[in-house]
Amino acid sequence: MSNSEITKAVTILHQGGLVAFPTETVYGLGADARNPDALKKIFQAKQRPMDHPLIVHLANISQISEWAEDISDDAWLLAKTFWPGPLTLILKKALEVPNLVTGNQITVGLRIPNHPVAQALLKAFGGGLAAPSANRFGRISPTTAEAVREELGDAVDFILDGGACQVGLESTIVDVRGEEPVILRPGMITAKQIETILKKPVIQKKKDAPRVSGSLESHYAPQTPLRLVESTKLDIFLQNLSESDSPIAVLSRNKLIIQNENIFHIFMPNRPQDYAHDLYQTLRELDKKGFQQIVIEAVPESIEWDAVRDRLKRASF
Ligand code: TXA
Ligand code: MG
């Protein structure tokens, strides 16, 4: 990444434009979080409902208090432990935070991303950048600059290309306002890791946490219908596949017994981190190939798989 690209991006942001940039999780669609006109463009570009709040991205921890109030000890501890990194903290908003950022709520989501390009951009910009994932509303988050182009085309003024995102799934979102932290969206920083640091149990919010757009059922979906099938039922499912349901793509961590010309098989990794890294890009590529269905072998029920399981559930019918 050249300095001149960062300079160009910063100029566009100060003028109220949109810049897509890489983070370690997924690409973000960034705008000046203090500029309502710029924020409006985010919603237009994504075709996202205006009342869905945006995460504010910061360069360093000292900026928290410009955006949030009543910052709990838990919040500080998590921030110091996991930032920069794939964690978003929900806090009580500071007075001046624009309503378009908070979706008219009394809270604000903050995160310091751990990607050299995001860091360079945020440092050079100086302020907070509101940045949702750089996809159209309801679609899979982009993990490459190419995917951002596909999603948003001319609706974004400039794209910083930082290669493929290392984590591949969106950040863990945790509400740290109360005595008991609440996970609103699982991510690759797990409930267990948060409990270990805070030395207390965390609550896992069930599916429809209010006002978290990532918790709408139809979220993170490819256009090809996606079906989740339990490991033990996968071969029977494939055996009974009708001609009209074919061809299909199958993503599994285990070998398939049934193989034929109607089944395009992709081996997925056994480590949740690697699986998460590959998932969106794999779905995005498969989505272009005209399969009748994408069939995915369900993943384990254990905590390390929470984030992957959550996204698969949302994407399936
Ligand atoms: O990894 C990520 O978090 C990526 C990268 C770009 O940082 N961003 C991302 O943003 O996933 P987005 O907008 O696609 O998803 C953020 C989620 C949304 O579901 C939004 O509703 C929720 O965070 N959110 C943001 N602010 C919130 C708040 N104050 N209270 C509750 N939920 C909030
Ligand atoms: Mg998103």
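Side-chain atoms are counted along with the backbone in the values below, which use heavy atoms only and exclude waters and symmetry mates. First listed ligand is number 1; within each ligand, the first listed atom is number 1. Not measured: the values here are computed from a predicted model.
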Worksheet item: Cut-off 3.5 Å, side chains only: do N254 and S252 have a donor facing an acceptor?
Response: no
Worksheet entry | Candidate pair R253 and D274, rule salt bridge (Lys or Arg N to Asp or Glu O under 4.0 Å), full reasoning | CA-CA 11 Å; R253 292 167 303 113; D274 300 331; over 6 Å; no
Worksheet item: Can you name the nearest heavy-atom pair linking P201 to P181, along with the distance?
Response: O-CD, 3.9 Å
Discussion item. With a 4.0 Å cut-off on heavy atoms, is V26 in contact with ligand 1?
Written reply: yes
Worksheet item: For ligand 1, does I90 get within less than 4.0 Å through its side chain, its backbone, both, or neither, judged by non-hydrogen atoms?
Response: side chain
Discussion item. Measuring from non-hydrogen atoms of H52 to any atom of ligand 1, is the shortest distance under 4.0 Å?
Written reply: no
Discussion item. Within 45 degrees of the ring normal and closer than 6.0 Å to the centroid, is that where the cationic atom of R311 sits relative to W305?
Written reply: no
Worksheet item: ligand 1 versus R48, non-hydrogen atoms closer than 4.0 Å: side chain, backbone, both, neither?
Response: side chain
Item to complete: Could you list the atoms of ligand 1 found under 4.0 angstrom from a heavy atom of V108?
Response: 29 (N)
Worksheet item: Hey, is the Mg ion (ligand 2) within less than 2.8 Å of some N/O/S atom on N135?
Response: no
Worksheet item: For ligand 1, is A131 a contact, meaning one of its heavy atoms is under 4.0 Å away?
Response: yes
Fill in: Atom indices of ligand 1, in the order listed, that fall short of 4.0 Å to a heavy atom of H57
5 (C), 6 (C), 7 (O)
Discussion item. For D74 and S72, which I'm curious about, is there any donor-acceptor pair between the side chains at under 3.5 Å?
Written reply: no
Worksheet entry | Proximal ligand 1 atoms for I173, defined as those under 4.0 Å from one of its heavy atoms | 17 (C), 22 (C), 23 (O)
Worksheet entry | Within 6.0 Å of CD1 in I106, more than 12 heavy atoms from elsewhere | no
Worksheet entry | ligand 1 atoms in contact with S171 (distance to a heavy atom under 4.0 Å) | 1 (O), 2 (C), 3 (O)
Worksheet entry | ligand 1 versus R111: contacting region, heavy-atom distance under 4.0 Å | side chain
Discussion item. Under a 4.0 angstrom heavy-atom cut-off, which atoms of ligand 1 come close to T25?
Written reply: 1 (O), 2 (C), 4 (C), 5 (C)
Discussion item. Between ligand 1 and R185, can you find any atom pair, the residue atom being a heavy atom, that is separated by under 4.0 Å?
Written reply: yes
Worksheet entry | Option among V26, N114, T25 that satisfies the side chain to side chain contact (heavy atoms under 4.5 Å, CB included) test with P86 | T25
Practice prompt. Using a strict 4.0 Å cut-off to heavy atoms of T107, name the atoms of ligand 1 that fall inside it.
Written response: 28 (C), 29 (N), 30 (N)
Worksheet item: For ligand 1, which atoms, with element, lie under 4.0 Å from some heavy atom of G28?
Response: 6 (C)
Worksheet, complete the sentence: Nearest heavy-atom approach of K93 to V108 is CA-CG1, 3.8 Å
Worksheet item: Between R284 and E151, is there a side-chain N and carboxylate O pair less than 4.0 Å apart?
Response: yes
Response to the item:
Among S133, G168, P142, P113, the residue with a heavy atom nearest to atom 12 (P) of ligand 1 is S133
Item to complete: May I ask you to check whether E285 and Y280 show a side-chain donor-acceptor distance below 3.5 Å?
Response: no
